[in-house]
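Down below is the structure, laid out as structure tokens.
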Amino acid sequence: MSLVLPGEQVPAQHVNLKLGPGLLQVSTVNGQAAIVSTRAGEVKHSANGKKWWIEGNSRRYVPAPQESVIGVVVARSGENWRVDIGSAHMATLDGLAFEGATKRNRPNLKVGSLLYARVSLAHKDMEPELECFDAQTRKAEGFGELKGGFLVSCSLKMCRLLLDPQHFLFPLLGSRFPLETAVGINGRVWINCKEPRQTIAVARCIEAVDPDGGGLDETALKKFFGTLDV
């Protein structure tokens, strides 16, 4: 794949083209549509060429629709909650944006609660909005409040690596002890283990593999894991 700078055209073509973060459709002087990049990074696309996006290692998370994020409730505003997702603006979570929620039956979130949510609306001139259910099935599908566990911060690139089913880190750790994880594309990873020392080991391994940290590969991580008290 090629590297692009902001403003460069990207040859994204498909009958059902879907643009991801970093790409924008504009009109040229000839009246034709063109796809240009809005950030510097590497051009990526799905295997069938339907989805295109720009992958870079930006420091601040920029919300995009349908992305899964981990947020922290910071305030309540009427029927809604204000949630910190690490972006430039706070996100809004409606009190009914949960599976089976009604005005009489809704989650009782407190300030400081952790949430695994999906970005339902993201626009440069509006605050992002969150939902805690799947867009197609309207079921929770793992979204909702995260109880217990420990929150780890890492680079955005590390989160994208962890969301790849072929990545070695979580299968390697899961073969040593049971653990629960939730990965937000906004640079946050929630982990839950039976023992505190296991939680600490997972957090240290994430930091060691992070490209902005140790950048260890699978072989080096196995040696590093052997030095931990687990």
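As a basis for the values below, the full set of heavy atoms in this structure was taken, side chains included, without hydrogen atoms, waters or symmetry mates.
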Verify the cluster assignment for [X] and [Y]: are they in a single hydrophobic cluster under the rule of side-chain heavy atoms below 4.5 Å apart?
| X | Y | answer |
| --- | --- | --- |
| F143 | V72 | yes |
| V119 | L115 | yes |
| I85 | L151 | no |
| I54 | I35 | yes |
| L169 | L161 | yes |

Any side-chain heavy-atom pair from [X] and [Y] closer than 4.5 angstrom?
| X | Y | answer |
| --- | --- | --- |
| L17 | Q25 | no |
| K222 | L172 | yes |
| E195 | F177 | no |
| S68 | L163 | no |
| M158 | V209 | yes |
| C205 | L221 | yes |
| I185 | V69 | yes |

Between [atom1] on residue [X] and [atom2] on residue [Y], distance to nearest 0.5 Å:
| X | Y | atom1 | atom2 | answer |
| --- | --- | --- | --- | --- |
| Q66 | D134 | CD | CG | 8.5 Å |
| L216 | E207 | CG | CD | 11.5 Å |
| L96 | F133 | CG | CZ | 9.5 Å |
| W53 | H45 | CH2 | NE2 | 8.5 Å |
| C132 | E141 | SG | CD | 13.0 Å |
| M90 | L130 | CE | CG | 12.0 Å |

Of all the heavy-atom pairs spanning [X] and [Y], show the shortest one and how long it is.
| X | Y | result |
| --- | --- | --- |
| V189 | C159 | CG2-SG, 4.2 Å |
| S77 | R82 | CB-CG, 4.4 Å |
| E8 | L3 | OE1-O, 4.4 Å |
| A97 | L93 | CB-CD1, 4.0 Å |
| L19 | L24 | CD1-C, 4.2 Å |
| D84 | G86 | OD1-N, 2.9 Å |

Going through the distances and angles, do D217 and T219 end up as a side chain to side chain donor-acceptor pair (under 3.5 Å)? CA-CA 6 Å; D217 58 12; T219 304; 4.7 Å; no
Heavy-atom donor-acceptor pair, [X] side chain to [Y] backbone, under 3.5 Å:
| X | Y | answer |
| --- | --- | --- |
| R204 | I206 | no |
| S37 | L5 | yes |
| D210 | S155 | yes |
| Y116 | V183 | yes |
| W81 | A91 | no |
| N186 | P63 | no |
| R188 | I70 | yes |

With E131 as reference, evaluate R138, R118, K139 under the salt bridge (charged side-chain N to carboxylate O under 4.0 Å, His left out) test and give the passing residue. R118
Quick check: are there more than 12 heavy atoms from other residues, nucleotides or ligands sitting under 6.0 Å from NE2 of H89? no
Heavy-atom neighbours of Q13 CD exceed 12 at 6.0 Å: no
Test side-chain contact (heavy atoms from CB on, under 4.5 Å) on R176 and F225 and set out the steps. CA-CA 10 Å; R176 307 299 175 92; F225 187 83; 3.1 Å; yes
Checking side-chain contact (heavy atoms from CB on, under 4.5 Å) for the pair D94/E129: CA distance, chi angles, key distance, verdict? CA-CA 8 Å; D94 191 283; E129 295 183 6; over 6 Å; no
Run the side-chain contact (heavy atoms from CB on, under 4.5 Å) test on C193 and F150 for me, step by step, so that the C-alpha distance in whole Å, both residues' side-chain angles and the decisive distance to 0.1 Å come before the verdict. CA-CA 9 Å; C193 304; F150 182 73; over 6 Å; no
Do S46 and N48 meet the criterion of a side-chain donor-acceptor pair at a distance under 3.5 Å? yes
Applying side chain to side chain donor-acceptor pair (under 3.5 Å), run through T92 and N80 and close with a yes or a no. CA-CA 7 Å; T92 301; N80 304 330; 6.0 Å; no
